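Here is the naming used below: chain letters follow the sequence lines, and residue numbers restart at 1 for every chain. Model, not experiment: these values are computed from the prediction.
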Amino acid sequence: MFDPQHDFVDPLLDWHERNGRHDLPWREPDRTPFEVLLAEILLQRTTAEAVAGAYRPFAARYPTPETVAAAPTEEIEALVAPLGLVKRAAYLRRCAQQILARPSGDVPREYPELVGLHGVGEYTARSVLIHVTGLGIAAVDTNVRRLLSRFFDVTPDRDRIAVLADALAPPTRSADFQHAMLDFAAEVCTAGSPACSSCPLRGPCASAEE
DNA sequence: AAGTCGGGGCT
DNA sequence: AGCCCAGACTT
């Protein structure tokens, strides 16, 4: 009998412990909520590998919303430019200003306030909650959508995948699970030619092959 | 609902 | 040449 927990979540977490990208700088445990948010915005439609090479200087120059709001937009643009989607520089600046306008002056800890920030959509808001508050939910990006729709052999409908992902997310290990899905999708269950022959998972997708 | 942003890597 | 990438905003 197929069991999502036993056949998907557990082996995926196990794979991640040994093969995950544990060296990504924004995954370091002592990152501030703003540093987490900064990373999430830089990662939008941008490979983790590309962001890995630009994140440390970025976080060093802009460690707080105050430093971003005080910087000229052109200066931020110059740092974002190598990653593409330069509009994110303006998004980031407006986002920092919004954060400073809050009573706390800090990154919101609730979903409605997070999605209200410029440049922060559903995925980014959820990811911030996962990493900052440890909330037991999932964030669906192109990787997660591809992985789950394939493994469970269901249509890649956004809302449906989101419900499935939330149901799978371990309440106390949502960050590990999120990283596991992202890393596994990027390295094994890839978009182009997935490494099914060396895949450690066995699920509905296996019987769906050929 | 469709269009736009985007450089870099991979096929 | 074309596809893809921790999406979100604008029209």
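Placement of A:Leu201 and A:Val144 within a single hydrophobic cluster is found when ILVMFWY residues are connected by side-chain heavy-atom separations under 4.5 Å, directly or transitively. Under the 4.5 Å side-chain heavy-atom criterion for Ile, Leu, Val, Met, Phe, Trp and Tyr, A:Leu85 and A:Tyr55 are members of distinct hydrophobic clusters. A:Val107 and A:Tyr123 sit in two unconnected hydrophobic clusters of ILVMFWY residues. Membership requires side-chain heavy atoms under 4.5 Å apart, directly or through other members. Residues A:Leu83 and A:Leu182 fall into different hydrophobic clusters, defined by Ile, Leu, Val, Met, Phe, Trp and Tyr side chains chained together at heavy-atom separations under 4.5 Å. Placement of A:Phe184 and A:Leu24 in two distinct hydrophobic clusters is found when ILVMFWY residues are connected by side-chain heavy-atom separations under 4.5 Å, directly or transitively.
Residues from residues 21-60 of chain A that place a heavy atom under 4.0 Å from any atom of DNA chain B, listed by number: A:Arg45, A:Thr46. Of the residues in residues 76-88 of chain A, those lying under 4.0 Å from DNA chain B by heavy-atom distance are A:Ala81, A:Pro82, A:Leu83, A:Gly84, A:Leu85, A:Val86, A:Lys87. A heavy-atom distance below 4.0 Å to DNA chain C is reached by these residues of residues 117-147 of chain A, ordered by number: A:Leu117, A:His118, A:Gly119, A:Val120, A:Gly121, A:Glu122, A:Tyr123, A:Thr124, A:Asp141, A:Thr142, A:Asn143, A:Arg146. The stretch residues 156-181 of chain A has no heavy atom under 4.0 angstrom from DNA chain B at all.
Among residues two or more places apart in sequence or in another chain, the ring-ring contact (aromatic ring centres under 6.0 Å, His included) test is passed with A:Phe8 by A:Phe151, A:Phe152. Partners of A:Phe34 according to the ring-ring contact (aromatic ring centres under 6.0 Å, His included) rule, which considers only residues two or more places apart in sequence or in another chain, do not exist here. Annotation: salt bridge (Lys or Arg N to Asp or Glu O under 4.0 Å) contacts of A:Arg126 (sequence neighbours excluded): A:Glu122, A:Asp166. By the ring-ring contact (aromatic ring centres under 6.0 Å, His included) test, A:Phe177 pairs with no residue at all, sequence neighbours left out. For A:Arg61, the salt bridge (Lys or Arg N to Asp or Glu O under 4.0 Å) test picks out A:Glu75, with sequence neighbours left out.
Looking only at side-chain heavy atoms (C-beta outward), A:Leu168 and A:Leu148 come within less than 4.5 Å of each other. A 4.5 Å side-chain heavy-atom check between A:Arg21 and A:Glu49 finds every atom pair outside the cut-off.
By the 6.0 Å contact criterion, CD on A:Glu110 is open, its count of non-hydrogen atoms from other residues, nucleotides or ligands being 12 or less.
Taking all atoms of both residues into account, the shortest heavy-atom contact from A:Gly116 to A:Gln98 is O-NE2, 3.1 Å. Contact record, A:Arg146 with A:Asn143: NH2-OD1, 3.0 Å, taken as the closest heavy-atom pair.
Every pair passing side chain to side chain donor-acceptor pair (under 3.5 Å) that includes a residue from residues 80-93 of chain A is listed here, sequence neighbours excluded: A:Thr46-A:Arg88.
Mapping heavy-atom proximity under 4.0 Å, the span of DNA chain C touched by chain A runs 5' to 3' from C:dC4 to C:dT10.
For A:Tyr91 and B:dT4, the OH to P distance is 14 Å, given to the nearest whole Å.
Between A:Arg160 and A:Asp157, none of the side-chain N atoms (NZ, or NE/NH1/NH2) sits under 4.0 Å from a carboxylate O, so this pair counts as no salt bridge.
Straight-line distance between the P atoms of B:dG6 and C:dT11: roughly 15 Å, to the nearest whole Å. Using P as the reference atom, B:dG3 and C:dA6 are 24 Å apart when rounded to the nearest Å.
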Evaluate the side-chain hydrogen bond (donor to acceptor under 3.5 Å, both in side chains) criterion for residues A:Gln44 and A:Thr124: first the C-alpha distance (whole Å), next the side-chain angles of each, then the deciding distance (0.1 Å), finally the verdict. CA-CA 8 Å; A:Gln44 291 168 2; A:Thr124 302; 3.0 Å; yes
Pair pattern of DNA chain C in dot-bracket, where unpaired bases get dots and | marks partners in another strand, Watson-Crick or G-U under 3.5 angstrom: |||||.|||||
